[in-house]
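A short write-up of the structure that comes next.
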There are 2 protein chains.
Amino acid sequence: MATISDVAARAGVSTATVSRALNGKSSVDPALVERVVQAARELGYQPNGLARNLRRQETAVIALIISDVENPFFTALARGVEDVAQAVGYSVVLCNADENGEKERRYIDVAVQERVAGVLLSPTSTGTDVRALTERGTPVVAVDRPLPQAATDSVLVDTRAAAREAIVHLAEQGYTRIGCLTGPSGIPTADERLAGYRDGLRSARLRRDPSLVRRAEFRAAGARAAMTELLAGEGGERPDALLIANNAMAIGALVAISEAGLRPGTDIGVVSFDDAPWAPLIDRPLTVVAQPAYEMGTVAAQLLLARVNDSSRAPTRTTLSARLIPRASSNPTA
Amino acid sequence: MATISDVAARAGVSTATVSRALNGKSSVDPALVERVVQAARELGYQPNGLARNLRRQETAVIALIISDVENPFFTALARGVEDVAQAVGYSVVLCNADENGEKERRYIDVAVQERVAGVLLSPTSTGTDVRALTERGTPVVAVDRPLPQAATDSVLVDTRAAAREAIVHLAEQGYTRIGCLTGPSGIPTADERLAGYRDGLRSARLRRDPSLVRRAEFRAAGARAAMTELLAGEGGERPDALLIANNAMAIGALVAISEAGLRPGTDIGVVSFDDAPWAPLIDRPLTVVAQPAYEMGTVAAQLLLARVNDSSRAPTRTTLSARLIPRASSNPTA
DNA sequence: ACGTCGTGAGTAAACGATTACCCGGGCAGG
DNA sequence: CCTGCCCGGGTAATCGTTTACTCACGACGT
């Protein structure tokens, strides 16, 4: 594979000149530039990014560590990140931590070792340790979930208020025994949504009934099982409406509802977090709390890139808001 | 940031010994190993992956270039790739080419420059140029779509046979004016599915009517417009059933169908490529051709890694088959 | 006319690891 | 007892760039 010295030899100049000509940093005689470019083309020269990065002590790569590649919320977010990064010549490495603290730690190590320019992280838990990064001056932006100990930028959604709003909406529609299906304890978004659920009950002057709350993994399977339990009325009377904390869980829950021979809306009110293109198509069209996933990605990427260029900025906290999209699954009279 | 010489100084040995102790390559006095490990820990030493890669002339990174991050088919595939790569210590860089030849070319350049160990590619068109990679000996595996000129491994689905099967299924259900909504001309999967559609019509002894075929981008928006046209009966009588070439298009088409006040199954038969967790939940539950996306990812990753270790293997072509999952959207009597 | 300054290009150091090569000492075999 | 081999560990070359430093040359100001 051709190296810079091959090009230099062919063009009859020094490697320094080749480097300068190709990078256009310092002014080089146009005639020489022409010779160099010509020689590079003839040899099919492609600079060795490894050597360049080693010398420059920087890479044009940002790592995006998320907890589930198959979750449309995160893919939309990834797309936002990618679009911003791509536009300024950065590449995005997508790492799938899978809600697994161990995998997450490994990816953080890799990010340190590969000296990425910055890390976008959706922490699996509040205990996630990013000191390995911050101590080395690698900028970190927390996205979707906060990172309490570290003084990092973060881009969040006011998920608690959104959950509250969803409950108020359900109450206004006439549902009274409203349950909640949320994620594992310790995952901030799961806990916040549960807190918002309680806020909502309080606002609507409905009684809290612990038997109407279930936790499961942010996956379809667990949600389905939990939903089946709830519908069987284990531990009390069954709910007449539900707030579900994410997209994948909604699918599991809807399967359980359909297996129980019930229909969303008329038989049981359903509101789920995360809009999806198919949400209007299901039977009944699903009421959702739409999070601005793509926008979160763009904002987070911009923050990260800004910090790469100026590490002295004070940490900021951006909170975007979610939007309730009422459809038939929360309408008992449709 | 601590370097290997800092560790060497602290442990009172040479950098060579540190390297050997930490990598366990050659035998080192256990007492020294202990001293080195201790020193490394105290300094919080993390090896500089850039320097290591430069010296070793290799990276433990594979690039996965796909055409749409938001397409669940590709995310499932990515997951398969990731699981395999991760298990043997490789990282996966996910690049979103967005069905855009230009972006794709840029990512291929980046892959060359960063000297990735290998590339998994779902080419945007048959014209995709991977010479930059093959000439440098970087292994390439084509996935989902073939790469005609290059002698690369490929992992494909027998999508033509699957399309044919879907049409035969629709014909058996009694539909007679079966249309097809496929992707842009030149994208192999789009063309293959169309060919399979024609095969199916022939098998079922149905007449081909060009006015029942539409092409659009592999996105919801284009499919919705095309479907609206078809339902308006532009250029002939409208279809009584449809084969749709991917998941995102199915969503667009279903929206158009619902806007026209029709219901899948009874009013118009629908079969779409790609299963999705929500497919059983929509009204009517969607009949699909399920592709083994995750498995394709694992197989492709294994092939790529095998070739990284032994570049002399002959190129192979793995063809997996898809499976028709009949649901109510292709049942006129349900 | 002379010193100074700017400009363009070359020389070589540097980035931080891995590893080829070499050296010294201990041990076994003749 | 001597020779040669093996083994552990140090020295320094190496990977391919970028860039600090240096130098030569021409122009310009006094």
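Note that these values count all heavy atoms, side chains included, but never hydrogens, waters or copies made by symmetry. Quick note on labels: first sequence line is chain A, next is B, and so on, each numbered from 1.
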Is a salt bridge present between A:Glu104 and A:Arg145, judged by a nitrogen-to-oxygen distance below 4.0 Å?
-> no

Using atom [atom1] of [X] as one end and atom [atom2] of [N] as the other, report the distance to the nearest whole Å.
| X | N | atom1 | atom2 | result |
| --- | --- | --- | --- | --- |
| A:Gln57 | C:dA17 | CD | C1' | 12 Å |
| A:Asn53 | C:dA14 | CG | C1' | 15 Å |
| B:Leu22 | C:dA17 | CG | P | 10 Å |

Quick one: list whatever passes side chain to side chain donor-acceptor pair (under 3.5 Å) with A:Asp153, sequence neighbours left out.
-> A:Arg307, A:Thr316

B:Arg52 side chain reached by B:Asn48 side chain, heavy atoms, under 4.5 Å | no

I need the [X] [atom1] to [Y] [atom2] distance, nearest 0.5 Å.
| X | Y | atom1 | atom2 | value |
| --- | --- | --- | --- | --- |
| B:Glu114 | B:Tyr107 | CD | OH | 12.5 Å |
| A:Gln46 | B:Ile108 | CD | CD1 | 11.0 Å |
| A:Arg20 | A:Ser14 | CZ | OG | 6.0 Å |

Chain A contact limits on DNA chain D, taken 5' to 3' with a cut-off of 4.0 angstrom to heavy atoms | D:dG16 to D:dA20

Would you give a per-nucleotide map of nucleotides 18-27 of chain C, 5' to 3', where B means the base has a protein non-hydrogen atom under 4.0 Å away, S means only the sugar-phosphate does, and - means neither?
-> BBB-------

Between A:Asp83 and A:Tyr294, does any side-chain donor sit less than 3.5 Å from a side-chain acceptor?
-> yes

The helix from C:dA1-D:dT30 to C:dG30-D:dC1: angle between its terminal axes, five pairs each, to 10°?
->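 Taking the rotation axis at each end, their angle is 50°.
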
Can you list every salt bridge (Lys or Arg N to Asp or Glu O under 4.0 Å) pair that touches residues 54-73 of chain B, not counting sequence neighbours?
-> A:Arg79-B:Glu70, B:Asp68-B:Arg219

Which part of the nucleic acid, if any, lies within reach of B:Ser26 when heavy atoms closer than 4.0 Å are counted: base, sugar-phosphate only, or nothing?
-> nothing

At under 4.0 Å between heavy atoms, what does B:Leu50 touch on the DNA or RNA strands: base, sugar-phosphate, or nothing?
-> nothing

Looking at residues at least two apart in the chain, or sitting in another chain, which of them share a salt bridge (Lys or Arg N to Asp or Glu O under 4.0 Å) with A:Glu42?
->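 Checked A:Glu42 against salt bridge (Lys or Arg N to Asp or Glu O under 4.0 Å); matches are A:Arg10.
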
Do you know which of B:Thr152, B:Leu156, B:Val155 makes side-chain contact (heavy atoms from CB on, under 4.5 Å) with B:Pro146?
-> B:Leu156

Give a yes or no answer on whether the side chain of B:Asp191 reaches the backbone of B:Gly186 with a donor-acceptor pair at less than 3.5 Å.
->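 Indeed, once roles are kept as given, a pair shorter than 3.5 Å links the two residues.
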
